[in-house]
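Worksheet: the structure to be examined is printed underneath.
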2 protein chains.
Amino acid sequence: MKTLELLIKHLSRLPGIGQKSASRLAYYLIGSDNEYNRQLAHAIETIQEVISPCSICNSFSESDPCEVCSDSLRDTSLMCVVEQPQDVLTIGNSGAYNGLFHVLGGALSPLNGIGPQDLDFKKLISRIEEGNFKEIIIATNPTEEGDTTAMYLRHLLKEKQLKITRIASGLPIGGDLEYADKITLSRALRSRVSYND
Amino acid sequence: MKTLELLIKHLSRLPGIGQKSASRLAYYLIGSDNEYNRQLAHAIETIQEVISPCSICNSFSESDPCEVCSDSLRDTSLMCVVEQPQDVLTIGNSGAYNGLFHVLGGALSPLNGIGPQDLDFKKLISRIEEGNFKEIIIATNPTEEGDTTAMYLRHLLKEKQLKITRIASGLPIGGDLEYADKITLSRALRSRVSYND
């Protein structure tokens, strides 16, 4: 196969990149400066060598323990449970959270054959038992799989002397009622917040 | 800068890839198989070495003359003038054209200081004079710059004994009148096709 077709084929395997975007990217790479291509190729080639899962929280990191787990300024009484390593970055970037994280590595999905044995709940439980956490925030995605996982975690942790919370679902800020889907709207109504407190 | 941040920074320089998509791609690359990353990196690193502009039509190619220019089954009486090398692929993929191409390398844009001296019209003219073309199809983009370039070409070629055409503008197939913008709709009306012929 020719180099250009091969490059387009490889690029179109990336998530969210279709055939058209891939060919657009390929032509951009043909026209871009050689030094940039070299650096991008190097970063792609070496990323797996320098990144590994943190032995404590499963998040991706260039050091072990990861930056979050080894940060002494973090609130070690708070744990936020997420599905994927990238969720750590997303929540971290929000600036609204200063506790620790735990990455499950996925969500329960009976339809896809992903059950409790496929996610490392044991590691989570023993970490909670050994640590001095006061609150576990379940921040799995607001999807069927994420909600199922949240419910499972809730039952798993109910015996512990811990506050268990779930991040709020509702209308996104800047959104418009008119364009909200039924499920989001009904969840936003059900989870309404009192102004009298 | 750390490797992951560097990879995200490089990826976000690609056209159509913002900060969020870049970080999504980076995490995909961390989790993908090592052989794929190696191949993608290799393709990115070598693409500029193997691709160069065709000396006849300016299109990108791994051989010179390019595959289209050296294809003896092409209709050499037809020339399609496009802005960018990737337009050759796009029109070729439509399956509706079997003539030759000429890549201008851009479009006239007085606002951005791109005038006739910046595009290689001389090469186009001498190619037309030396060849035996019967029709020149101007397939620059239906934008202000593309239309300006088309008008300029029309004047440049009007003395030649040639049929000069412009690809049609109008409603996209599968589109909906309700969602068409005013300019597209007025162009579609002005360019209406008779059913009586």
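In what follows, chains carry the letters A, B, and so on, assigned in the order in which the sequence lines appear, proteins first and then strands, with residues in each chain numbered from 1.
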Between Thr90(A), Leu89(A), Asn93(A), which shows the greatest number of heavy-atom pairs under 4.5 Å with chain B?
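Max contact count across the listed options: Leu89(A).
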Heavy-atom pairs under 4.5 Å with chain B - which of His42(A), His10(A), Glu49(A) has more of them than the others?
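Looking at each of His42(A), His10(A), Glu49(A) in turn, His10(A) comes out on top.
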Checking [X] against chain A: side chain, backbone, both or neither under 4.5 Å from a heavy atom?
X	result
Ile51(B)	side chain
Ile17(B)	side chain
Glu45(B)	both

Between [X] and [Y], do the side chains contain an N or O donor and an N or O acceptor separated by less than 3.5 Å?
X	Y	answer
Asp181(B)	Thr184(B)	yes
Asn37(B)	Ser32(B)	yes
Asp75(B)	Ser77(B)	yes

Applying a strict 4.5 Å limit to non-hydrogen atoms, the region of Leu7(A) in contact with chain B is both
Which ILVMFWY residues are connected to Leu185(B), directly or by a chain of links, through side-chain heavy atoms under 4.5 Å apart?
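Leu171(B), Leu177(B), which link up through side-chain heavy atoms under 4.5 Å apart, make up the rest of the cluster.
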Taking ILVMFWY side chains as joined if any heavy atoms are under 4.5 angstrom apart, and letting links pass through other members, which residues group with Leu111(A)?
none
Kindly write out the residues that satisfy side-chain contact (heavy atoms from CB on, under 4.5 Å) with Glu135(A), not counting sequence neighbours, or none if the list is empty.
Leu78(A), Ile137(A), Lys163(A), Thr165(A)
Do any of residues 54-62 of chain A have a heavy atom less than 4.5 Å from a heavy atom of chain B, and if so, which, in residue order?
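Checking residues 54-62 of chain A against chain B gives Phe60(A), Glu62(A).
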In this structure, which one of Ile125(B), Leu104(B), Ile164(B), Ile136(B) forms a side-chain contact (heavy atoms from CB on, under 4.5 Å) with Leu153(B)?
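Checked Ile125(B), Leu104(B), Ile164(B), Ile136(B) against Leu153(B); only one passes side-chain contact (heavy atoms from CB on, under 4.5 Å): Leu104(B).
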Leading residue by heavy atom contact count with chain A [cutoff under 4.5 Å; candidates Gly31(B), Ala41(B), Ser23(B)]:
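Ranked by contacts with chain A, first place is Ala41(B).
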Any side-chain heavy-atom pair of Cys80(B) and Leu100(B) under 4.5 Å
no
salt_bridge(Arg74(B), Glu67(B)) N-O dist < 4.0 Å
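No, this pair does not count.
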